Amino acid sequence: MSVVPEETGDERADAVVAALGRLAELPVGEHVAVFEEAFSALEARLAAVDDL
C-alpha cells in the first residue's frame with residue numbers, strides 16, 4: 001500500500017485525503033461511494049485551477 005502524505009499543501013485536497021481515512025471504518029461495499037466523492041472533489045479542484 002502506498003504511503004499517503006498527511007498534508008498536500010492545499011486545504012481542499014487535504015480534506016479529501018482525510019476523508020479517505022474513514023475507509024477503514026466502513027464495510028467494503030461502501031468504499032466505492034467514498035472513492036466517488038473523493039474523485040468528484042479532486043476533479044472540481046483541478047477544474048478550478050484555470051480560474052486562479
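None of the values given here were measured: they were computed from a predicted structure.
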Taking Asp14 for its side chain and Glu7 for its backbone only, find out whether a donor-acceptor pair lies under 3.5 Å. no
Closest non-hydrogen atoms of Leu26 and His31, given as atom of the first, atom of the second and distance, are O-NE2, 3.2 Å
Fellow cluster residues of Val32, listed by chain then number, with links counted only when side-chain atoms sit under 4.5 Å apart: none
Restricting to salt bridge (Lys or Arg N to Asp or Glu O under 4.0 Å), what partner residues turn up for Glu30, sequence neighbours left out? none
Do Phe35 and Leu20 have side-chain heavy atoms sitting under 4.5 Å apart? yes
For the residue pair Thr8 and Ala13, what are the closest heavy atoms and their distance? OG1-CB, 3.5 Å
Taking all non-hydrogen atoms of both residues, which atom of Ala38 and which atom of Val16 are closest, and how far apart? CB-CG1, 3.6 Å
Whether Arg22 and Glu37 form a salt bridge (side-chain N of Lys/Arg under 4.0 Å from carboxylate O of Asp/Glu) is what I want to check. yes
